[in-house]
J.: 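Below is one structure. I have some questions about it.
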Amino acid sequence: MEQFNQEFEKYQRAQKQVEEIKGFYGHLLSYILVMLFFLFINLRYSPQYLWFFWPMLGWGIGLLFHGLKAFKYTPFLGKDWEQRKIKEFMDHEKQNKYE
């Protein structure tokens, strides 16, 4: 029974991960379509000033963070970092205890 629960939890985590990735791809598609629309409007009505770069940049930053979260890419403070810090603090406390 325990193994079944563990497998079910793994399945639920995997299913959640797939939903997050699908959400990211939907976000990416809407970003591309809206940016193409903004580009068209910009070039059609005010080609002397390319303003569409600003919403592209702002939304692009949000899209970048969404992608990092969806694909579980955390280069700065990931789980590996947490484990290293915990070990570092435990070693430091152990070292101070024996001094």
J.: Quick one: does NZ or CZ of Lys22 land under 6.0 Å from the six-membered ring centre of Phe24, within 45 degrees of the ring axis?
T.: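 Negative - Lys22 is either too far from the ring of Phe24 or too far off its axis.
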J.: First locate atom CD of Gln12, then atom CD of Glu9, and finally report the distance between them rounded to the nearest 0.5 Å.
T.: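 Answer rounded to 0.5 Å: 7.0 Å.
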J.: Using the rule that Ile, Leu, Val, Met, Phe, Trp and Tyr join whenever any side-chain heavy atoms are under 4.5 Å apart, tell me whether Tyr45 and Val34 fall into a single cluster.
T.: yes
J.: Please report the closest heavy-atom contact between Lys69 and Glu20, naming both atoms and the distance.
T.: O-OE1, 3.7 Å
J.: Hey, what do you get for CZ (Phe8) to CD (Gln15), rounding to the nearest 0.5 Å?
T.: 8.0 Å
J.: Tabulate below the donor-acceptor pairs under 3.5 Å that side-chain atoms of residues 48-60 make, not counting sequence neighbours, or state none.
T.:
from: Tyr49; atom 1: OH; to: Trp54; atom 2: NE1; distance (Å): 3.1
from: Trp51; atom 1: NE1; to: Ser46; atom 2: OG; distance (Å): 3.1
from: Trp59; atom 1: NE1; to: His27; atom 2: NE2; distance (Å): 2.7

J.: What closest approach, in Å, do Gln17 and Ala70 show between heavy atoms, and which atom pair accounts for it?
T.: NE2-O, 2.5 Å
J.: Has Phe71 got more than 12 heavy atoms of other residues, nucleotides or ligands less than 6.0 Å from its CZ?
T.: yes
J.: Evaluate the criterion salt bridge (Lys or Arg N to Asp or Glu O under 4.0 Å) for residue pair Glu88 and Lys85; output intermediate values, then yes/no.
T.: CA-CA 5 Å; Glu88 178 184 323; Lys85 272 304 194 193; 3.4 Å; yes
J.: Treating Ile, Leu, Val, Met, Phe, Trp and Tyr as nodes and any side-chain heavy-atom pair under 4.5 angstrom as an edge, say whether Leu64 and Leu33 lie in one connected cluster.
T.: no
J.: Measure the CG-CD1 distance between Asp91 and Ile86 for me, rounded to the nearest 0.5 Å.
T.: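 Going from the CG atom of Asp91 to the CD1 atom of Ile86 covers 12.0 Å.
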J.: Give the cluster check for Ile21 versus Val18: same hydrophobic cluster or not, with ILVMFWY residues linked at side-chain heavy-atom distances below 4.5 Å.
T.: no
J.: Would you indicate whether the side-chain heavy atoms of Met35 and Tyr31 approach each other to under 4.5 Å?
T.: yes
J.: Would Ile61 and Leu63 show up in the same hydrophobic cluster when neighbours are defined by side-chain heavy atoms closer than 4.5 Å?
T.: yes
